[in-house]
Amino acid sequence: MPKSNAQRALVVGAGIAGLTSAWWLERAGWDVLVVERAPSFREGGYMIDFFGPGHEVARRMGLLPALEERRAPISSVTSVDASGRRRGEISASAYEAVATGVISLLRGDLASVVRDDLRSPIRYGTTVSSIDDGWVTFSDGSCASFGLVVGADGVHSRVRELVFGSSSVRYLGHHTAAFSFRDPLLSERIGYRYQMLTVPHRMVGCYAVRDGSMAALMLFRSPSAALPADPVATLRSRFGDLGWITPSLLSVVPEDVYYDTVSQVDMPVWHRGKVVLVGDACGAVSLFAGHGASLAMAGASVLAEELSFGFDGAFSRYQARMKPAVEHTQEFGRRFIGWMAPSSEWRISVRDWAFRLSGLPVVRSLIRGSVVPDVEVRQRAS
Ligand SMILES: Cc1cc2nc3c(=O)[nH]c(=O)nc-3n(C[C@H](O)[C@H](O)[C@H](O)COP(=O)(O)OP(=O)(O)OC[C@H]3O[C@@H](n4cnc5c(N)ncnc54)[C@H](O)[C@@H]3O)c2cc1C
């Protein structure tokens, strides 16, 4: 029997937050449609460390075995100098000790595991043009009415812009880029180790992924939050003077490289009428905090749980449970900038010494406080 509009949910964005929202909502009886701006599913992407509250949500969804299958066997994080010599290293076992239960995998692999367990349709190449509470006009000109609209369209959310207007984006002073490419020789040389070259305010890192492929990450400080017209040219001019394997990486940057400013989203209220935001759209913590995917999954699950107790007040209860964890992680992320993109040679040396001593329990606990936020999502008030 067709459901009434009140039971129809629109999820905007087929990323981690959107797919997880759709997963929980469809199991709660909602008739869900997902729309995604990209023309097809976004594969690959960058490597993420997945643990904390999202890991627990994935366990409840029964997805941990599939995630484990996609785990990247990263054995260490190594800081190298311009000639590729090791300056400091933190082993995977030391990292595991500070970040319990961590699964390193590609963002696209995490998203695909959720998508593969979803029954709801995903309409690619589609976005929203206008939203009037539950009444939505799509980019193809069609219109429909929904009882619930979930904005899960990431840090530059169109839903947020349409419904809440003013921007709530806090720029953290850096630009980042990530891409993958195939190079079996280089892949063998680098291995399953995250290797990075850091100079003040700039970092370039890479690691082997699988089947002779590599993934690269670049990060640099910039006073401007404006995105460049030509990201590839910008990366070449910003990193062209660096040694190690940087010239090889710069020679294979694809035209469709993932390139963005590093930002957080901070807004006082995450919902209006029938519209609610999840994931980066309302609470991006940034790559410096490294918990965004985990919080996106936790938020999606908490939202569906609160809706199961009735629509009235569900969005406020969801926000009250999630926002403290998001704000705590954002604060942590701002402090972590100094670890990931140190501002001086001296700071880089201190970090690399900490890596070198990471086998010692006392240093390990210091590192734990510096690299892993304690993220706790509030339990439902009984
Ligand atoms: C380099 C890097 C490293 C990171 N490392 C980690 C890590 O180690 N651990 C961790 O937990 N997190 C990490 N993160 C953060 C994490 O990737 C994000 O927080 C997480 O992906 C947020 O999920 P989301 O679904 O809210 O947004 P996204 O994953 O950005 O998904 C949003 C989706 O919406 C789509 N979309 C955008 N606009 C529209 C529109 N107008 N209409 C329709 N669809 C739209 C997008 O195409 C995308 O599919 C990292 C991020 C970066 C950039």
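Counting convention: from 1, in listed order, for ligands and their atoms alike.
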Donor-acceptor pair between S168 and R160 side chains, under 3.5 angstrom: no

Geometric cation-pi criterion, R8 with F146: 6.0 Å, 45°: yes

Proximal ligand 1 atoms for A152, defined as those under 4.0 Å from one of its heavy atoms: 32 (C), 33 (C), 34 (O)

Which segment of H291 sits under 4.0 Å of ligand 1 when only heavy atoms are counted: backbone

Aromatic F138 / basic R123 pairing, under 6.0 angstrom, 45° off normal: yes

L217: numbered ligand 1 atoms lying under 4.0 Å from its heavy atoms: 1 (C)

Residue part near ligand 1, for R107, under 4.0 Å between non-hydrogen atoms: side chain

Closest approach of any protein heavy atom to atom 41 (N) of ligand 1, naming residue and atom: T127 OG1, 2.9 Å

SB check R27 D117 (cutoff 4.0 Å): yes

Greater than 12 external heavy atoms within 6.0 Å of R378's CZ: no

Closest protein heavy atom (residue, atom, distance) for atom 36 (N) of ligand 1: D153 CB, 3.8 Å

Any F51 heavy atom less than 4.0 Å from ligand 1: no

Nearest atoms (heavy-atom pairs only) where Y124 meets A38: CB-O, 3.5 Å

Shortest protein heavy-atom distance from atom 38 (N) of ligand 1, along with the residue and atom involved: R37 CZ, 3.4 Å

Check: G292 N/O within less than 3.5 Å of ligand 1 N/O: yes

Close aromatic pair by centroid cut-off 6.0 Å: H291 and F332: no

Ligand 1 N/O within reach of T176 N/O, cut-off under 3.5 Å: no

same_hphob_cluster(M203, L235) at 4.5 Å side-chain heavy-atom cutoff: no

Close approach, A178 and ligand 1, non-hydrogen under 4.0 angstrom: no

Ligand-residue contact atoms, ligand 1 with I48, heavy atoms, under 4.0 Å: 4 (C), 5 (N), 6 (C), 7 (C), 8 (O), 9 (N), 13 (C)

Ligand-residue contact atoms, ligand 1 with D49, heavy atoms, under 4.0 Å: 7 (C), 8 (O), 9 (N), 10 (C), 11 (O)

Numbered atoms of ligand 1 (with element) below 4.0 Å of V12, judged on heavy atoms: 42 (N), 43 (C)

Atom 10 (C) of ligand 1: nearest protein contact (heavy atom, Å): G290 O, 3.2 Å

Shortest protein contact, atom 11 (O) of ligand 1 (heavy atom only): A293 N, 2.9 Å

Close N or O approach (T126, ligand 1; < 3.5 Å): no

Protein residue, atom and distance nearest to atom 26 (O) of ligand 1, heavy-atom basis: D280 N, 2.8 Å

Any Y46 heavy atom less than 4.0 Å from ligand 1: yes

Geometric N/O contact R158 with ligand 1, under 3.5 angstrom: no

Salt-bridge criterion met for E331 and R334 (N-O under 4.0 Å): no

Donor-acceptor pair between S142 and D140 side chains, under 3.5 angstrom: yes

Option whose closest heavy atom lies nearest to atom 30 (O) of ligand 1, chosen from S129, G154, G108, G279: G154

Nearest atoms (heavy-atom pairs only) where S157 meets A281: CB-CB, 3.7 Å

Which residue and heavy atom of the protein sit nearest atom 49 (O) of ligand 1, plus the separation: E36 OE1, 2.7 Å

V128 N/O under 3.5 Å from ligand 1 N/O: no

F309 six-ring face occupied by R317 cation (under 6.0 Å, within 45°): no

Atoms in ligand 1 flagged as close to Y258, the criterion being non-hydrogen separation under 4.0 Å: 53 (C)

Any side-chain donor near an acceptor of the partner, T198 and R351, under 3.5 Å: yes

Ligand-side contact atoms (ligand 1) for residue partner R42, heavy atom cut-off under 4.0 Å: 46 (C), 47 (O), 48 (C), 49 (O)

Nearest heavy atoms of L277 and Y318, plus distance in Å: O-OH, 2.7 Å

Atoms of ligand 1 close to A17 [distance to a heavy atom under 4.0 angstrom, numbered from 1]: 24 (P), 25 (O), 26 (O)

Mutual orientation of the aromatic rings belonging to F239 and F220 [parallel < 30°, tilted 30-60°, perpendicular > 60°]: perpendicular

